Amino acid sequence: MEQRGHLLTLLLPDEMDAGLKKWQWETLPIEPEMHGGWRYKIINEKKTGNFQTAGERFESIKKALKDEAFDFIINAGDPDQEGELLIRIVLTELEEKLKKKLPIKRFWSNDTTEGKVLEALKSLRDDDTEPMLVNLLSAAYARQHSDYRVGMNVSRAASLKMNSRVACGRVKTPIMAIVCKRELEIINFKPSTVYGIKAAYSEGFSGQLFDAGSKEEEKDENQGLIWFDTKEEAEALLNTLQSPAKVIKYESKKTETLPPKLFKLATIQIAAGKLGYNSAKTLEIIQGLYEKGYVSYPRTDCEYISSNEDLYSLLKSAMSVPELEEYIKTITNGAIKKVRSSKKWVNDKQLQESGHSALIPTTYKPDFSSLTKEQQDIYRLICRQFTAIFLPPLVQRKTMLIADIGGHAFKSTGKTVVDEGYSKIFGTKFTDAVIPQHRAGDIIAVDGFELAEKTSTCPKRFTDADLIAVCEAPHKFLNDQRLKSLGRALKIGTPATRASIIEELIGRDKYLARRKEKKTEYIVPTDDGMHIYERLKDRKICQVDLTGEWEEKLEMIRGGQLSLSDFENDMRSDVRAMVEDIRSMGSTEVRQAAAGQAMGRSTQTARSVRTAAVPGFHIVGVCPECGGSILSGPKGYFCSNFKAKGCGVGCYKLIKGTEESVTDEEFTELLKGRHLQKKITPEGETAEVRYNLKERCIEVVSLS
């Protein structure tokens, strides 16, 4: 079981030095090198079942090394950076306690097929001298020390500045910041509409005004379309257009789309999110399946499998999922050979660079009916993704036609399915858009012209799956665009830690919360989370760039271009600067003026803003009368200035005279004076509703 692989953790500051127990500016920044160095302690955990605790396992290893004679020790940790670290810190600790040097050989393989295991055992590496392993261990120490250094110092600095406990970290704070920033985007969102022009052709398809000079016409059917900021501008051109249209370009070609990659932890967490499972729950379910031997290692960041895998046996296991049987029976030997030769799924070189293989079923076939509903859902996802790679590609015919109408270009795009291929196993639905065959010079009659409208949509809150996707590819949240060059190496956190960090932000820290809207559960900032974000949003700790800068340097350590000592010196300087930056901020408490400023308003009194932090209430918008925060509670809405200024804006969530209520998003729209269509009876009868500011209620304007 993965969590039982961790035996040691770094000492807390006050465990290194009792003088650090009190949080004060005078002791910052804390530098472990000045307090006895980086030291570890055994993880304190409760005894569960027949599993040994970390202490018991540490002592059993110590006793074996003390009492037995060994030529060398085999380090068979995960073949990656963290796997190297977890084993080596235990062995280093034992060296100090036993006062003897332990020769270490490295077993390096994430391919657990028998042949590859034997091959790795025959070619053990020297863990102390081989440059790749030495550099990898240095990078692992660098990452661990830096996370500790930043977390301990920035948390204390922020807490001292805000006069309240504030937990910060390289991974958790950017995640919190991304959620808070999105919330502000939603609150401050103002929709805008642009206008295009469509030509309706007599042959039953349409074209839209298009920039003929666009070089993106083939990449995206919507690229190059022309939109006007006002309806008047679009109508002015529309009124000058006349039939017919002359074809100036026509292309029609078949395209093949291969099945998707195999799952890694992040991508199955995203897929499971669509079934209603949050990232932590998904990992818990996969862990349970793993412990039963039904699936491969859960916490993987790899999408490839070994060329030595017994694909036939794995497919037999997948056949235990009833609905997959019909697909697996159609898979030929040729299809299996084709997969084995494809670098998209079977890639020994990529596998060698990862700690584990892709998430797939094992050769141990379960009794599907004996699994719980949750286990069935997740096992089905894993087996379906695996089965799909053996199925034919999706074949479509894509057509593009560009016509000239009065000197203006209009583009039409079509797509039809030739062969559903693998997409059938995912239940994908297609709507064909047919463009008749033409050639350059053809004349097409135009029945008429009409305006096309495109209105910007309000950003959506993040689900668990959305946040995992952001952590996998956070590039659009960078300030320094140069860091985009890191490509897939730029990530927030690791697959093994993200879910627990999100849960920590929600459970222990209470900076984020889950809110269910209809059938979807979103992650939103709490009042405290928003306050902290407002104070720290311009600080480095909130930025994705910090992770990017670290990854650049860690890669240099792994490549031998940067030493661990030089990296540590850089980090000491960076942390000193981060602490001083926070220390020089304007003084504020967590629950004071930040909430008002977060919504773009003037500073409010501490008393009025504390109302926003009442358990069960959260900010949903801006008061139209006093500029305070509109708070949502279990039954209704009210203004944060109701005590300080006597502001009475608010109401019950129920629509007056009905048993139906509005959502927070709908009430935010109603506050802006807009009318909404809402269901008002269990039978589905709808009505137009509004917020009556004078009567303080949501009322029916008219029945639909």
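Everything numeric here is computed off the predicted structure, so don't read it as measured data. Throughout, numbering of the chain's residues begins at 1 and tracks the sequence.
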With no hydrogens and no angle check, do the side chains of [X] and [Y] hold a donor and an acceptor under 3.5 Å apart?
X	Y	value
Thr428	Ser423	no
Glu233	Thr230	yes
Thr282	Ser279	no
Asp447	Ser202	no

Should [X] and [Y] count as an ion pair when the cut-off is N to O under 4.0 Å?
X	Y	result
Glu374	Lys281	yes
Glu521	Lys516	no
Lys398	Glu251	no
Asp466	Lys460	no
Lys264	Glu472	yes
Arg674	Glu669	yes
Glu685	Lys679	no
Arg384	Glu323	no
Glu517	Arg515	yes

Side-chain contact, heavy-atom cut-off 4.5 Å: [X] with [Y]?
X	Y	value
Leu238	Leu451	yes
Leu324	Met319	no
Leu401	Ile444	yes
His408	Phe410	yes
Val622	Ile630	no
Pro459	Arg182	yes
Ile468	Thr267	no
Thr300	Phe263	no

Next on the checklist: Students often mix this up, so state it plainly: with edges at 30° and 60°, are the rings of Tyr250 and His438 parallel, tilted or perpendicular?
Outcome noted: perpendicular

Checklist entry - Is the Tyr201 ring parallel, tilted or perpendicular to the Phe205 ring (thresholds 30°, 60°)? => result tilted

Ignoring hydrogens and angles, tell me if any N or O in the side chain of [X] forms a donor-acceptor pair with the backbone of [Y] under 3.5 Å.
X	Y	answer
Gln385	Lys261	yes
Asp442	Arg439	yes
Lys181	Tyr533	no
Ser206	Ala200	no
Trp227	Ala452	no
Asp480	Arg482	yes
Thr399	Ile435	no
Thr668	Asp664	yes
Ser296	Ala358	yes

Checklist entry - Among Gln396, Met400, Arg397, whose side-chain contact (heavy atoms from CB on, under 4.5 Å) with Lys415 holds? => result Gln396

Checklist entry - What's the verdict on side-chain hydrogen bond (donor to acceptor under 3.5 Å, both in side chains) for Ser307 and Arg340, showing C-alpha distance, side-chain angles and the deciding distance? => result CA-CA 6 Å; Ser307 59; Arg340 200 180 293 281; over 6 Å; no

[X] atom [atom1]: more than 12 heavy-atom contacts under 6.0 Å:
X	atom1	answer
Lys274	NZ	no
Gln481	CD	yes
Lys338	NZ	no

Checklist entry - What about Tyr522 and Phe462, are their ring centers closer than 6.0 Å? => result no

Next on the checklist: I'd like to know whether Asp229 forms a side-chain hydrogen bond (donor to acceptor under 3.5 Å, both in side chains) with Tyr195, so could you lay out the CA-CA distance, the side-chain angles of the two residues, the decisive distance to 0.1 Å, and finally the verdict.
Outcome noted: CA-CA 6 Å; Asp229 291 333; Tyr195 304 87; over 6 Å; no

